Amino acid sequence: MRRYETFFVLRPDLGEAQIKDTIKRFEGIITGGGGEIIENDEWGSRELAYRIKGERRGYYVRLDYASPSATMTEVERNLKLQDSVLRYISVLIDPESDVEKAREEIETRKRRQAEARAAAEARAAAAAAQRAEAAASDIDSIEVPEELSEPEGGVQD
């Protein structure tokens, strides 16, 4: 089977239920046509670079799937007919794809991203602790001029 990525932008005024139904509809077309969903990635509502059908925002969705070319054509035909879709594009990723291998690659990528994110958070926490420690030691080492310090007997009335 061939591996495709289809990106589409939905109208921002759709409710959460309508967005989920629309995505499920296209996933159903893919699976009904003999394809397999590899990954469904919802990017959420974002600002558009320019107005599309009078809209400034859109809900971005990416479908990664393996299917026969006829199924991809059917997905694009339905995207074209759907009023809630502002824009779409389908891209051939791999003419001969192994679905399990693709899923393993995605899982490996997600694991590496999570590890990198955790490492970055640990470095940020260590740096914040180091700055706090440095600030605390700087306060203790500040010398106050004699004219600003309290007299030895304490405050006098």
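Because the structure is predicted, anything quoted here is derived from the model rather than measured. Below, all heavy atoms of this structure are taken into account, side chains as well, without hydrogens, waters or symmetry copies. In what follows, residues are counted from 1 in the order of the sequence shown.
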query = Is Leu81 reachable from Leu14 through a run of hydrophobic residues whose side-chain heavy atoms are each under 4.5 Å from the next?
reply = no

key: Heavy-atom side-chain contact between Met1 and Pro68 under 4.5 Å   = yes

query = Going only through I, L, V, M, F, W and Y residues with side-chain contacts under 4.5 Å, is there a path from Tyr50 to Leu10?
reply = no

side-chain contact (heavy atoms from CB on, under 4.5 Å) evaluation trace for Glu96 with Arg2 = CA-CA 5 Å; Glu96 290 298 321; Arg2 305 174 106 193; 5.6 Å; no

ask   = If you measure from CG on Leu48 to CZ on Arg87, what distance do you get to the nearest 0.5 Å?
value = 9.0 Å

inquiry  = Nearest 0.5 angstrom please: Arg11 CZ to Gln82 CD, how far?
reply    = 11.5 Å

message = Taking CD1 in Ile106 as the centre, count heavy atoms belonging to other residues, nucleotides or ligands within less than 6.0 Å. Is the count above 12?
response = yes

ask   = Quick one: are Thr22 and Val61 in side-chain contact, heavy atoms under 4.5 Å?
value = no

request  = Report the residues that fulfil side chain to side chain contact (heavy atoms under 4.5 Å, CB included) with Asn78, sequence neighbours left out, ordered by chain and then residue number.
outcome  = Arg25, Phe26, Ile29, Glu74

request  = Hey, could you give me the OG1/NZ distance between Thr31 and Lys24, rounded to the nearest 0.5 Å?
outcome  = 9.5 Å

request  = Any chance you could measure Tyr4, atom OH, to Asp94, atom CG, to the nearest 0.5 Å?
outcome  = 10.5 Å

request  = Please answer: with hydrophobic residues joined when any side-chain heavy atoms are less than 4.5 Å apart, are Tyr60 and Val75 in the same cluster?
outcome  = no

query = When you check the side-chain N and O atoms of Tyr65 and Glu27, is any donor under 3.5 Å from an acceptor?
reply = no

key: Pairwise distance NZ(Lys110) to CZ(Arg112) - rounded to 0.5 angstrom   = 13.5 Å

note = Rounded to the nearest 0.5 Å, the CD atom of Glu5 sits from the CD1 atom of Ile38 at a distance of 9.0 Å

inquiry  = Would you say that Tyr88 contacts Lys80 through its side chain, given a criterion of any heavy-atom pair below 4.5 Å between the two side chains?
reply    = yes

message = With heavy-atom distances below 4.5 Å as the criterion, would you say the side chains of Phe8 and Leu63 are in contact?
response = yes

ask   = Any sub-3.5 Å donor-acceptor pair from Arg57's side-chain atoms to Ser45's backbone N or O?
value = yes

message = Would you say that Gln113 contacts Arg109 through its side chain, given a criterion of any heavy-atom pair below 4.5 Å between the two side chains?
response = yes

ask   = Would you call Glu16 and Lys20 a salt bridge, taking side-chain N to carboxylate O under 4.0 Å as the test?
value = yes

ask   = Is Ile52 linked to Phe7 within one hydrophobic cluster, defined over Ile, Leu, Val, Met, Phe, Trp and Tyr using a side-chain heavy-atom separation of less than 4.5 Å?
value = yes

task = Would you check if the side chain of Lys53 reaches a backbone N or O of Val85 as a donor-acceptor pair within less than 3.5 Å?
result = yes

note = On a heavy-atom basis, the closest approach of Arg3 and Asp64 is NH2-OD2, 2.6 Å

ask   = Does atom CG of Asp83 have more than 12 heavy-atom neighbours from other groups under 6.0 Å away?
value = no

Salt-bridge present (Arg62, Asp41; N to O < 4.0 Å) = yes

key: Side chain proximity check, Thr6 to Leu79, heavy atoms < 4.5 angstrom   = yes

key: Connected via hydrophobic side-chain network under 4.5 Å: Tyr59 and Trp43   = no

